[in-house]
Protein chains: 2
Amino acid sequence: MSEKKSISVCFTADQFDKYADEKSIVVVVDLLRATTVISTAFMQGVKEIIPVQTLEDALAYKGKEGYIVAAERNAKPIDGFDYGNSPFHYINSDVDGKTLVLTTTNGTKAINNAKNHKVITASYINLDAVATYLIREYKDIIILCSGWKGVFNLEDPIFAGSLSTLLLSSGKYSSVCDSLFASTQLLKNAGDNLFDYLSESSHRRRLKSLNMEEDTRFCLSPPLKSDIIPILKGDRLVVL
Amino acid sequence: MSEKKSISVCFTADQFDKYADEKSIVVVVDLLRATTVISTAFMQGVKEIIPVQTLEDALAYKGKEGYIVAAERNAKPIDGFDYGNSPFHYINSDVDGKTLVLTTTNGTKAINNAKNHKVITASYINLDAVATYLIREYKDIIILCSGWKGVFNLEDPIFAGSLSTLLLSSGKYSSVCDSLFASTQLLKNAGDNLFDYLSESSHRRRLKSLNMEEDTRFCLSPPLKSDIIPILKGDRLVVL
């Protein structure tokens, strides 16, 4: 029996330095909605995605041939950008073959904070593919929840619970991480209906108040599945 | 019906700046073991407690008339100090009337980070008294979990769940905080046997490996109750 690899869960992008070890694979999650958008966009033929930190960085690409620029702040799209942070924006043939430049409140920050590691992104769209990939890679894993402006959110840990459960059931991983344990407990309590469970969530309330309930349903229970694993190469996410 | 006051839960001392508003009452929790020690020491007649950040700061008081100095790092007592971080150390008549100078891995840091607010400390020893006091005060509340070196732990949020449940049941408080929701969920899952539930906890494993199981039982289900509420005045905790 070979040694088991470890999994830990970091609850916010800002805390990543407490977990960083420069050798683990980092799985970034921003379920509502950045990493779901990333999965969707790649499925629709986007060639690569450049996550940037600021609106200014994103606007620098505006109007360039072959680029589309997308931005979200505080759950809302931003004037002057082609796209926002709704997965539905990307289900259109115009995105095929393009480079997407994306800046969001939390998800792109998490990706950036982890950039000294091997970084992939995950959502319920590519959950199974990500688990299969990680089990095959057999490396220590940090699941990096994006959180909300430095604060714990409910939906990213629940997804971390889903991914952890798959990884632990392989028998190749173990964990001594309290936040992983809490994530699996929250997932267990959520049961079969994430949407209702997350009615308690601050971000779902935020999206509800913005009439984005359909986005939430899409992210929690996507109508499509993908084998695509987005991986960070240099400054951009590409298909593994 | 007057407006409800808010409660939020911060999972680690390091994240407190995301919650700080300079007007909420901050309830610091380091269940295993600093805030349990603080409750115990006051019950045994300690006059005041000076939480300090460094071993050097604590040692400066060593040998001074009327002072006892206590230190813990990585769950272990430190050579050269009179006391450690076990509540049992304080159940002796020598502490009566003394000033306790205390430095611990996480709890004293949490107290220090919140010092621009009204700060009280809580444990299962004074839970009921703290809840009664807060309900009477009727102010916004931040429950500050000390965590473990900047990382989420399981036991402090579970205590936060216990305190939140009492506060919310008064009808005077509400919460939109995902970490409070998660705390109440973890408490619910723990059910009647915190000790067994926390067998999954990294810190209980740490204490177990150091043969401190009795400390853990004491902190989770203390054999004594107290109405004393420790409150920070200047650089020291005193009895409210």
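Note that the coordinates shown come from a computational prediction; the quantities given were computed from them, not determined experimentally. Below, each value reflects all heavy atoms present in this structure, side chains not excepted, and no hydrogens, waters or symmetry copies. So you know, we letter chains A, B, ... as the sequences are listed, proteins then strands, and number each from 1.
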Checklist entry - For the residue pair B/Phe152 and A/Phe181, is the inter-centroid distance of their aromatic rings smaller than 6.0 Å? => result no
Item to check | Rounded distance [0.5 Å steps], CG in A/Leu186 versus CD in B/Gln185 | outcome: 6.5 Å
Checklist entry - B/Asp14 versus chain A, heavy atoms under 4.5 Å apart: side chain, backbone, both or neither? => result side chain
Checklist entry - Of the backbone (N, CA, C, O) and the side chain (C-beta and beyond), which part of B/Ser8 lies under 4.5 Å from a heavy atom of chain A, both, or neither? => result neither
Next on the checklist: Please check if the number of heavy atoms outside A/Lys115 that lie under 6.0 Å from its NZ is greater than 12.
Outcome noted: no
Checklist entry - Does the pair A/Glu155 and B/Asp178 meet the rule for a side chain to side chain contact (heavy atoms under 4.5 Å, CB included), with working shown? => result CA-CA 9 Å; A/Glu155 63 274 13; B/Asp178 281 1; 4.2 Å; yes
Next on the checklist: Is it true that, when you exclude B/Asp192 itself, more than 12 heavy atoms of the residues, nucleotides or ligands shown sit nearer than 6.0 Å to its CG?
Outcome noted: no
Item to check | Pair B/Trp148-A/Lys18, side chain to side chain contact (heavy atoms under 4.5 Å, CB included): steps then yes or no | outcome: CA-CA 11 Å; B/Trp148 181 263; A/Lys18 307 283 182 189; over 6 Å; no
Checklist outcome for this item: When rounded to the nearest 0.5 Å, the distance separating SG of A/Cys177 from CG of B/Asn153 is 11.0 Å
Next on the checklist: I'd like to know which of B/Pro157, B/Gly150, B/Ser175 tops the heavy-atom pair count under 4.5 Å against chain A.
Outcome noted: B/Gly150
Next on the checklist: Report which part of B/Gln15 has an atom under 4.5 Å of a heavy atom belonging to chain A: side chain, backbone, both, or neither.
Outcome noted: side chain
